[in-house]
Asker: 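One structure coming up, written as structure tokens, with questions to follow.
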Amino acid sequence: AVLVHCVAGIPPAATVTAVDACGTGLTVNYTQNNPGLNCTNAITRTWTATDCAGNVASCTQTITLQQDVAPTLTQGSIAACYKTLAAAKAAALAATGGTGQCGDALSFSVSDDAQSCPATITVTGTDACGNASSVHYTAKILPTLPVLTGCPAAAVLVHCVAGIPPAATVTAVDACNTTVAVSYNESNPGLNCTNAITRTWTATDCAGNVSSCTQTITLQQDVAPTITAGSIASCYTTVALAEAAAIAATTASDNCGGS
């Protein structure tokens, strides 16, 4: 009896010889019964010798084919995050290869555990005889944009440089509630009387989803100064003296505390 697991492992038929009781060589007849099945098969081989007196001797070999060994899979790598489960499954499927134990091609299927933070994705390779092996991948599924917290008012109007608020502290989390880094950018032309400052906070999760918020601060120094009138004499010998006295008696400051 011989057990093999691949068709290629079936041995060739043996060469059997025979002699009779007098040492004379005899003809050996060979027969084989082979149903020809691919996955499970039983091949029976028989060698028979008959001498001239009608004495018969035979030997039989049964070769059992059982293609029952699991395929060998090769597992590649996939990204840590995807926007959709379908994209993650497609990546896992593309990253997986393999062959059956006997070198035959496999059919591949992919499934998931219906989770997202992370999802476990299983790729299964199955040969023609139903033998299967699986590999597993994990990835976060982030179908929505990051959520920003702490974004300031979109538009602010100030009349003095001192009124420009400090930049807000903005935080972000992804769809799995994992903290995402927030980058900050400010555009400030640096004008003193009329200016527009644009501040932008941006968060990008590991799947490439982007959220941002923007604040525009408008500076308009357009408030009239405050003037305080003092007192001067009732009479002067010249207009120039009267004007000089008026200037000296008057004080003022602008709305932002400047002179």
Side-chain angles (χ1 to χ4, degrees), residues 73 75-96 108-124 134-226 253-259:
L73 300 186
Q75 182 174 4
S77 60
I78 64 173
C81 307
Y82 291 88
K83 293 180 181 180
T84 66
L85 182 58
K89 291 169 75 172
L93 194 60
T96 305
F108 290 94
S109 61
V110 61
S111 61
D112 64 88
D113 63 352
Q115 301 298 312
S116 59
C117 296
T120 297
I121 300 165
T122 301
V123 178
T124 301
S134 297
V135 292
H136 306 283
Y137 299 84
T138 58
K140 289 170 62 175
I141 310 303
L142 304 174
T144 58
L145 302 180
V147 177
L148 300 177
T149 301
C151 287
V156 174
L157 174 63
V158 297
H159 297 284
C160 299
V161 172
I164 297 173
T169 298
V170 177
T171 60
V173 294
D174 64 18
C176 289
N177 205 37
T178 301
T179 299
V180 178
V182 177
S183 62
Y184 171 71
N185 182 68
E186 178 175 297
S187 172
N188 185 355
L191 304 176
N192 291 325
C193 295
T194 301
N195 196 20
I197 301 169
T198 302
R199 293 170 171 172
T200 303
W201 295 262
T202 304
T204 304
D205 66 24
C206 58
N209 298 304
V210 180
S211 288
S212 64
C213 60
T214 299
Q215 180 184 56
T216 300
I217 303 169
T218 302
L219 169 65
Q220 290 182 351
Q221 292 203 42
D222 55 2
V223 178
T226 300
S253 65
D254 68 17
N255 192 58
C256 297
S259 58

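No hydrogens, no waters, no symmetry mates; every other heavy atom, side chains included, goes into these values.
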Asker: Enter the distance from Ser212:OG to Leu148:CG here, rounded to the nearest 0.5 Å.
Answerer: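 Going from OG on Ser212 over to CG on Leu148, the span is 7.5 Å.
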Asker: If you measure from OG1 on Thr84 to CD1 on Ile141, what distance do you get to the nearest 0.5 Å?
Answerer: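 So the gap between those two atoms works out to 7.0 Å.
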Asker: Could you tell me the separation between the CG atom of Asn188 and the CD1 atom of Ile197, rounded to the nearest 0.5 Å?
Answerer: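 Going from CG on Asn188 over to CD1 on Ile197, the span is 4.0 Å.
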Asker: How about Thr124 and Ser111: do any of their side-chain heavy atoms sit closer than 4.5 Å?
Answerer: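 SC-SC contact between Thr124 and Ser111 ruled out.
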Asker: Hey, is Asp205 close enough to Lys140 for a salt bridge, meaning N to O under 4.0 Å?
Answerer: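 No, this pair does not count.
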Asker: Not counting sequence neighbours, list each pair that qualifies as a ring pair (Phe, Tyr, Trp, His ring centres under 6.0 Å) and has a residue in residues 181-216.
Answerer: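 Ring pair (Phe, Tyr, Trp, His ring centres under 6.0 Å) check on residues 181-216 returns Tyr184-Trp201.
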Asker: Can you tell me how far the NE2 atom of His159 sits from the CD atom of Gln221, to the nearest 0.5 Å?
Answerer: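 It is 10.0 Å, given to the nearest 0.5 Å.
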Asker: Any chance you could measure Thr204, atom OG1, to Leu145, atom CG, to the nearest 0.5 Å?
Answerer: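 Between atom OG1 of Thr204 and atom CG of Leu145 there are 10.0 Å.
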Asker: Hey, what do you get for CZ (Arg199) to SG (Cys213), rounding to the nearest 0.5 Å?
Answerer: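 That separation rounds to 12.0 Å.
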Asker: Taking the side chain as every heavy atom from C-beta outward, state whether Tyr82 and Lys89 have any pair of such atoms under 4.5 Å apart.
Answerer: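 Answer no - side chains too far apart.
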Asker: Does the side chain of Thr198 come within less than 4.5 Å of Thr214's, by heavy atoms?
Answerer: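 The answer is yes, as the side chains (C-beta and beyond) meet within the 4.5 Å cut-off.
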Asker: Can you check whether Pro146's main-chain N or O pairs, donor with acceptor, with Ser211's side chain at less than 3.5 Å?
Answerer: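 Yes, Ser211 side chain to Pro146 backbone: donor-acceptor pair under 3.5 Å.
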Asker: Provide the closest heavy-atom pair for Ile78 versus Thr138 in the form atom of the first, atom of the second, distance.
Answerer: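 Distance-wise, the nearest heavy atoms are CD1-O, 4.2 Å.
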